[in-house]
Amino acid sequence: MSHQRYELQPIGWVESPLVDRALAPKQGDEGSPDAWLAFDARFSEALRDLKIGAYVIVLTWLDRARRDVLVVHPRGDPANPLQGVFNTRSPDRPNPIGLHRVQIHDIQGTRIRVRDLEALDQTPIVDLKPVLDRGLER
C-alpha cells in the first residue's frame, strides 16, 4: 500500500452567514441561506461557461471536521444506531471532503451566488463540477 501524500490547493472559499457548525443545517435543502462561492482570480477562465440556473457539485474541504472519527450516530442523534462514516454524510471522516449539489443564482465575475449550501463561512472550495443530465450526454 502506498503512503504517498496528496496535496489539494483551494480554488476559492465559501462566503456564508453560517459560522457555527452546531447551528448549521445538516443538508443544504434544510434551510441553508444563500451563499457565495468566491474563486481565486487565477481560475476565472475555468468559470466562464457556467450559467445562472445550472446545478453544480461543489467539493469542499471541511476544514473544521475531525479526521479521527470512524463511527457516528447519523445526523448526530444518539437515538440512531452507530454507523461507519462511509455510510453517512457526516463531515467528520478521515478525508473530510464535502459534496454539495447547489443551483447557481447569480454570477458576478469570480463570485457565484448559490442556494442550498450548508458549508460554513470560509470553507475551502477544492473543485466544481456540473451535474450531468444523462439524457443530454453523448
Side-chain angles (χ1 to χ4, degrees):
M1 176 188 254
S2 173
H3 291 283
Q4 278 184 281
R5 295 190 55 86
Y6 299 93
E7 184 176 324
L8 290 175
Q9 294 294 321
I11 59 172
W13 287 266
V14 171
E15 294 178 354
S16 171
L18 298 174
V19 294
D20 185 339
R21 179 176 160 179
L23 300 176
K26 300 279 188 211
Q27 296 297 319
D29 63 357
E30 296 177 352
S32 295
D34 283 9
W36 288 91
L37 307 177
F39 292 92
D40 186 294
R42 294 176 296 154
F43 304 109
S44 61
E45 280 295 300
L47 302 170
R48 71 183 202 175
D49 296 307
L50 295 173
K51 304 282 187 242
I52 292 172
Y55 286 89
V56 293
I57 301 292
V58 181
L59 297 165
T60 58
W61 186 261
L62 304 174
D63 59 320
R64 283 153 272 190
R66 289 182 50 194
R67 298 186 70 179
D68 61 342
V69 173
L70 302 179
V71 179
V72 297
H73 292 281
R75 300 189 63 80
D77 184 346
N80 291 328
L82 285 170
Q83 292 191 27
V85 294
F86 297 150
N87 194 47
T88 75
R89 293 294 304 257
S90 172
D92 298 319
R93 53 200 321 113
N95 286 312
I97 297 170
L99 179 70
H100 318 271
R101 184 181 189 271
V102 300
Q103 185 176 30
I104 297 173
H105 282 269
D106 194 10
I107 300 172
Q108 296 179 4
T110 57
R111 291 169 36 88
I112 299 174
R113 186 169 57 89
V114 298
R115 295 234 166 98
D116 295 336
L117 180 63
E118 78 282 10
L120 299 177
D121 188 52
Q122 296 306 302
T123 296
I125 300 166
V126 295
D127 206 353
L128 188 72
K129 296 178 180 266
V131 172
L132 298 179
D133 180 338
R134 296 277 181 216
L136 298 177
E137 285 186 58
R138 297 177 208 219

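What you see below is based on every heavy atom in this structure, not just the backbone, and it leaves out hydrogens, waters and symmetry mates.
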Any side-chain heavy-atom pair of Thr123 and Ser16 under 4.5 Å = no

Got a donor-acceptor contact below 3.5 angstrom from the Asp92 side chain to the Arg66 backbone?
-> yes

With a 4.5 Å limit on heavy-atom distance, are the side chains of Arg101 and Val131 in contact?
-> yes

Evaluate the side-chain contact (heavy atoms from CB on, under 4.5 Å) criterion for residues Leu128 and Leu47: first the C-alpha distance (whole Å), next the side-chain angles of each, then the deciding distance (0.1 Å), finally the verdict.
-> CA-CA 9 Å; Leu128 188 72; Leu47 302 170; 4.2 Å; yes

So if you build clusters from Ile, Leu, Val, Met, Phe, Trp, Tyr with side-chain heavy-atom gaps below 4.5 Å, do Ile57 and Leu62 land together?
-> no

Verdict with reasoning, His100 to Thr60, per side-chain contact (heavy atoms from CB on, under 4.5 Å) | CA-CA 8 Å; His100 318 271; Thr60 58; 2.7 Å; yes

dist Asp121:CG -> Trp36:CH2 (nearest 0.5 Å) comes out at 14.0 Å

Please walk me through it: do Phe39 and Ile125 pass side-chain contact (heavy atoms from CB on, under 4.5 Å)?
-> CA-CA 8 Å; Phe39 292 92; Ile125 300 166; 4.1 Å; yes

Supply the atom-to-atom distance Ile107 CD1 to Thr110 OG1, rounded to the nearest 0.5 angstrom.
-> 11.0 Å

Shared hydrophobic cluster, Val102 / Ile104 (ILVMFWY, side-chain heavy atoms < 4.5 Å) | yes

Between the main-chain N or O of Asn80 and the side-chain N or O of His73, is there a donor-acceptor pair closer than 3.5 Å?
-> yes

Nearest heavy-atom contact between Pro10 and Arg42 is O-NH2, 4.4 Å

CG of Asn95 to OH of Tyr6: how many Å apart, nearest 0.5 Å?
-> 10.5 Å

Taking all heavy atoms of Trp13 and all of Gln122, pick out the closest pair and write down the distance.
-> CD1-O, 3.4 Å

Using side-chain contact (heavy atoms from CB on, under 4.5 Å) as the criterion, point out the one residue from Leu117, Val58, Leu120 that pairs with Val14.
-> Leu117

Could you give me the CA-CA distance, side-chain angles and deciding distance for Leu82 and Val71, then say whether side-chain contact (heavy atoms from CB on, under 4.5 Å) is met?
-> CA-CA 6 Å; Leu82 285 170; Val71 179; 3.5 Å; yes

How long is the span from the CZ atom in Arg93 to the CZ atom in Phe86, to the nearest 0.5 Å?
-> 6.5 Å

Looking at Ala65 and Pro91, what are the two nearest heavy atoms and their distance?
-> CB-O, 3.0 Å

Salt bridge or not for Asp77 and Arg75, using N-O below 4.0 Å?
-> no

State whether the number of non-hydrogen atoms from other residues, nucleotides or ligands found under 6.0 Å of Arg67 atom CZ is greater than 12.
-> yes

Under the 3.5 angstrom rule, does the side chain of Glu118 hit a backbone N or O of Ser32 as a donor-acceptor pair?
-> no

Between the main-chain N or O of Leu99 and the side-chain N or O of Arg89, is there a donor-acceptor pair closer than 3.5 Å?
-> yes

Nearest heavy atoms of Leu18 and Ala119, plus distance in Å = CD1-O, 3.9 Å

Pair His105-Arg115, side-chain donor/acceptor within less than 3.5 Å = yes

Under 3.5 Å: donor-acceptor pair, side chain of Thr88, backbone of Ser90 | yes

What are the two closest heavy atoms between Pro17 and Asp34, and how far apart are they?
-> CD-O, 3.7 Å

Residues that Lys129 engages under salt bridge (charged side-chain N to carboxylate O under 4.0 Å, His left out), provided they are two or more places apart = Asp127

Working to the nearest 0.5 Å, report the span between CD1 of Ile112 and CG of Leu50.
-> 5.0 Å

